[in-house]
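Numbering starts at 1 and runs along the sequence shown.
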Amino acid sequence: MNRVAEYRLGLILVTASAVAWSLAGLFTRAIPLDSWTILAWRGIFGSIGIAVAMMLFEGGIAWKSFRHMGRPGWLFVAVSSLGMVFFITALKETTVAHVAVIYATIPFVAAVVAWLAMGERSTLRAIVASIAAMGGVIIMVGLGTEGSLFGDLLAFGMTLCMGVLMVIVRRSPEISVMPAACVSALLSSLICWPLGNPLSVSAHDLLLIAMFGILVSAVGLACFTLGAKWLPPIETALIGSLDAPLAPFWIWLVFNEAPSKSTVIGGSIVFAAVVANVLAGTKKGPTPANSVT
């Protein structure tokens, strides 16, 4: 594929990952278990789903990929697992609203990390869209006084980890992303297993967690890691902010809980900013590296 075709495929794959990840809130709401137990089983099913995908795409040589992840692959594993721990503990220490607002800074965090690590400057189009998207998320969740400084710091740690992941994938397109994602999911499960009560899960709840792991973890992470190879980190992060308006939409669709006015307004701003940036990028193609237009 040429550079423009790779860029467009990256847009499609990262958008698909945002849609998949937006289902996390729906599954969490539908499964009446504590977060540690859910994440312990989710990691196992996610790693199985990714392993199956590797077998389908690579056949019998899939298992050899684990031996050739290289330093970037193992760095991806470590940062991804650490980010998951930060995310879980942040949700326990502060409010979901604060976590969402802090994560809305991911386009800027990714842009700074990319600039420091790669000297890659962001496009003016992506910067403007990122500012609009963050404003939309702030409108959605508000800026209440709940939460704690410790929890907010954990949320920023998770955001920083995601920004680093985007740069790792962008900087090392040769990275064996599928085995790295598989090991990362399994490692996060091992971390969460002793903190929950995974052996008391019913068959029905286990089925829901299996769907959670396969759709959100396996499909979402696979699309993200593959698509992020061909996009600047700030655009990857911007598209990922679609999670914010889509998550309450699924809750409304399944549980018939109408979102608040602020959620509708803020979500519309986020959605419009991402769609405008994606359409502009699809028409123009990727901007040359180290340039701002």
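- A distance of 7.5 Å separates CD1 of Ile209 from OG1 of Thr37, quoted to the nearest 0.5 Å.
- With rounding to the nearest 0.5 angstrom, the CZ atom of Arg71 is 12.0 Å from the OG atom of Ser172.
- Atom CG of Asp205 sits about 13.0 Å away from atom CZ of Phe212, to the nearest 0.5 Å.
- Rounded to the nearest 0.5 Å, atoms CG (Leu39) and CG (Asp34) are 9.0 Å apart.
- The two residues Leu13 and Cys223 have their closest heavy-atom pair at O-CB, 3.3 Å.
- Both Leu215 and Val52 are members of a single hydrophobic cluster when ILVMFWY side chains are connected at heavy-atom separations under 4.5 Å.
- Between the side chain of Ser47 and the backbone N or O of Gly43 there is at least one donor-acceptor pair closer than 3.5 Å.
- Taking CG from Leu206 and CD1 from Ile38, the interatomic distance works out to 11.5 Å, rounded to the nearest 0.5 Å.
- Looking at heavy atoms from C-beta onward, Phe86 lies out of side-chain contact with Leu160 at the 4.5 angstrom threshold.
- With values rounded to the nearest 0.5 angstrom, Leu33 atom CG is found 14.0 Å from Arg42 atom CZ.
- Taking each heavy atom of Ala180 and Val77 in turn, the nearest pair found is O-CG2, 3.3 Å.
- Although no hydrogens or angles enter the test, the distance criterion places no donor-acceptor pair under 3.5 Å between the side chain of Ser184 and the main chain of Ala181.
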Should Phe76 and Val183 be marked as a side chain to side chain contact (heavy atoms under 4.5 Å, CB included) after you check the CA-CA gap, both sets of side-chain angles, and the distance that decides it?
CA-CA 10 Å; Phe76 181 99; Val183 174; over 6 Å; no
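- At a threshold of 4.5 Å between side-chain heavy atoms, the hydrophobic network of Ile, Leu, Val, Met, Phe, Trp and Tyr places Phe45 and Met55 in one connected group.
- Residues Leu23 and Ile239 fall within the same hydrophobic cluster, defined by Ile, Leu, Val, Met, Phe, Trp and Tyr side chains chained together at heavy-atom separations under 4.5 Å.
- What you find for Leu26 and Phe255 is that their closest heavy atoms are CD1-CE1, 3.6 Å.
- No continuous path of ILVMFWY side-chain contacts below 4.5 Å connects Trp250 to Ile214, so the two sit in separate hydrophobic clusters.
- Between Ala218 and Gly46, the shortest heavy-atom contact is CB-O, 3.7 Å.
- Connection of Val164 to Leu116 is not established within any shared hydrophobic cluster, with ILVMFWY side chains joined at heavy-atom distances below 4.5 Å, either directly or through further cluster members.
- Between Trp193 and Trp41, the ring centre distance stays below 6.0 Å.
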Given Trp230 and Val14, is the side chain to side chain contact (heavy atoms under 4.5 Å, CB included) satisfied, shown in steps?
CA-CA 10 Å; Trp230 299 308; Val14 174; over 6 Å; no
